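Here is the structure we will look at.
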Amino acid sequence: MVLSFVLLLASMNREYVNTFLSTKTGNIACQEKFLEPLKDEAKFSIFYANKYKWKRQIDEAVKMWLNGRLPVWLNNLPQWFTPEKMSRIPDDLVEDETLLLRIWTEQVQRILQGRRDSFVGELAQSGGEVEAKEGGGEDGKEGEGEQ
Amino acid sequence: MGFLSLFAVVQNKEKPLKAIAQEILIVLSLTTPGVDVWRVASESEQKENELTEQRSILAMTKTAELTAEAIPGAVIQLSAIMAARGSQSKKATLSFALCVFTAASTSSTLSYDFDTGANKRQKQPWFYGYVSDKARGKLQVFLALFFLAAFNLTTWSLSCVLLEIQGGITLATGFLLIELLLYFLYKAIRKDLWYWVPLYGCPGAFMSFMARLMSKVVGDWTAVVQFRSPQKIGGAYLSFGLGLTTALGLNSAFQYEKKGGDDSEGEWEKSAVVAIMARVPAPVWSSPSFCF
């Protein structure tokens with residue numbers, strides 16, 4: 001067993017040996033991840049963690065960052081800012097009620113858009129299948145010609 | 001199956017009843033591991049009304065398998081082998097070996113998959129990336145993980161069975177319970193009892209308790225190095241536990257050899273107490289500062 005552990009430490013990338021000796025707690029790891037100078041998307045992962053792990057210590061910092069960045073995200077709608085992400089934002093952290101309303105509206109709109117797209121997609125697919133059935137063998141030839 | 005059903009309910013608690021029933025049906029049809037792997041492989045994104053990502057659910061499924069199947073299975077089989085005192089069939093030994101290797105395979109795959117996931121390495125580069133990018137390095141790490149898990153499970157099983165033989169079921173259970181209690185004490189002192197999953201109130205407390213309990217048992221018994229994460233056991237505590245497992249195994253074996261099954265002097269109780277006391281410093285040395 002000792003040999004296996006030594007082999008593991010010897011064959012792994014050296015810079016990760018410290019993770020086997022780390023005394024960091026879950027709370028500190030969670031808070032550090034937010035406080036590091038990372039991109040918004042990475043910082044946003046704080047809302048995926050249990051709030052007891054960070055709220056008491058860095059609540060104000062999170063609130064400031066969120067209220068500062070929220071208008072930018074809502075105006076630019078970056079790709080990562082999905083309805084799923086929007087649903088993770090705790091309402092009590094958003095100070096501006098109009099922003100909160102915009103989040104809800106945007107969330108609903110994007111969900112409806114998603115459903116509409118998938119419905120249209122399904123319709124197009126079923127329409128294509130019907131045409132294929134009706135067209136029979138001729139369709140195959142047409143297809144080849146188009147290509 | 002109970003654990004898996006519980007996970008299914010918790011993960012999908014915000015979904016309609018039909019969806020929850022569907023997930024429970026997957027559990028009851030014994031296809032959960034396959035479905036979880038498929039969901040991770042197809043990179044299905046976390047949905048709005050799901051508690052956590054699919055990879056974490058897969059890890060929970062594997063942890064539940066190890067806790068409820070592999071570990072008790074290994075102990076029961078080894079107990080039967082030891083009770084047979086050399087007259088056991090080869091099939092029994094083979095069955096025990098297969099049980100250990102299956103558990104080791106689950107444990108090593110769990111750690112390996114998490115570390116080599118591109119998404120994980122990108123999001124947490126300080127933690128994920130210990131597996132080398134070269135083929136030889138990958139193989140070495142995987143084999144080391146595999147044998148570490150296999151030997152750890154064998155050592156723990158053997159220690160518990162020897163404790164049970166010499167001191168009875170009370171001593172063996174007492175040892176395990178006190179060991180777990182010390183771990184919870186350590187987490188409580190460091191104010192780290194809550195699990196990272198955003199679940200609150202009574203369900204959150206229960207989930208945290210179960211997650212802490214299972215990760216501790218699996219981390220100790222099958223050396224899942226993924227659980228060195230600060231959100232699980234923690235690196236120092238896990239490594240310390242691995243060292244103590246070796247000491248415990250050696251201690252149990254020497255005591256058994258020395259006494260030859262005779263417990264007239266109560267040496268076994270003493271040795272169990274020593275093993276438990278050895279765990280006590282863990283919270284102290286693993287916690288240079290209690291405040292955060």
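Chain identifiers are assigned alphabetically (A, B, ...) following the order of the sequence lines, protein sequences preceding nucleic acid strands; residue numbering begins at 1 within each chain. What you see is a predicted model, and the numbers here were worked out from it, not measured in a lab.
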Cut-off 4.5 Å, heavy atoms of chain A, and the answer for Tyr128(B) is backbone
Cut-off 4.5 Å, heavy atoms of chain B, and the answer for Ala49(A) is both
Quick note, salt bridge (Lys or Arg N to Asp or Glu O under 4.0 Å) partners involving residues 126-146 of chain B, not counting sequence neighbours, are Arg121(B)-Asp133(B)
* **NZ or CZ of Lys63(A) within 45° of Trp54(A) ring axis and under 6.0 Å** => no
With chain B, the option among Leu8(A), Val17(A), Val6(A) that has the most non-hydrogen atom pairs under 4.5 Å is Leu8(A)
Bottom line for Tyr195(B): the part with an atom under 4.5 Å from chain A's heavy atoms is backbone
Of the listed Thr154(B), Val225(B), Leu238(B), the one with the largest count of heavy-atom pairs under 4.5 Å with chain A is Val225(B)
Okay, Gln124(B) and chain A: the region with an atom under 4.5 Å from a heavy atom over there is side chain
Taking the six-membered ring where the residue is Trp, are the ring centres of Tyr48(A) and Trp196(B) under 6.0 Å apart?
no
Determine whether the aromatic ring centres of residues Tyr52(A) and Tyr200(B) are separated by less than 6.0 angstrom.
yes
More than 12 heavy atoms of other residues, nucleotides or ligands under 6.0 Å from CD of Glu36(A): yes or no?
yes
Honestly, the part of Ser132(B) sitting under 4.5 Å from a heavy atom of chain A is both
Of Cys30(A), Ser4(A), Ser45(A), Ala29(A), the largest count of non-hydrogen pairs under 4.5 angstrom with chain B goes to Ser4(A)
Requested in this report: Measure from the ring center of Phe34(A) to the ring center of Trp65(A) and say whether it is less than 6.0 Å.
Outcome: yes
Inset, instruction - Give a yes or no on whether Lys120(B) atom NZ has more than 12 heavy-atom contacts from other residues, nucleotides or ligands under 6.0 Å away. - result: yes
Highest number of heavy-atom pairs under 4.5 Å with chain A among Phe147(B), Phe151(B), Trp194(B) belongs to Trp194(B)
Would Arg69(A) pass as a cation-pi partner of Phe81(A), given that its NZ or CZ must be under 6.0 Å from the six-membered ring centre and within 45 degrees of the axis?
no
Applying a strict 4.5 Å limit to non-hydrogen atoms, the region of Leu143(B) in contact with chain A is neither
Assess Lys85(A) against Phe47(A): is NZ or CZ under 6.0 Å from the centre of the six-membered ring, and within 45 degrees of the ring's axis? no
Side chain to side chain donor-acceptor pair (under 3.5 Å) evaluation trace for Asn152(B) with Trp221(B): CA-CA 6 Å; Asn152(B) 225 50; Trp221(B) 285 66; over 6 Å; no
Within residues 107-117 of chain B, contacts to chain A at heavy-atom distances under 4.5 Å involve none
So, the part of Val131(B) with a heavy atom under 4.5 Å from chain A: the answer is backbone
inquiry  = Does any part of the side chain of Phe101(B), heavy atoms only, come nearer than 4.5 Å to the side chain of Phe146(B), both counted from C-beta?
reply    = yes
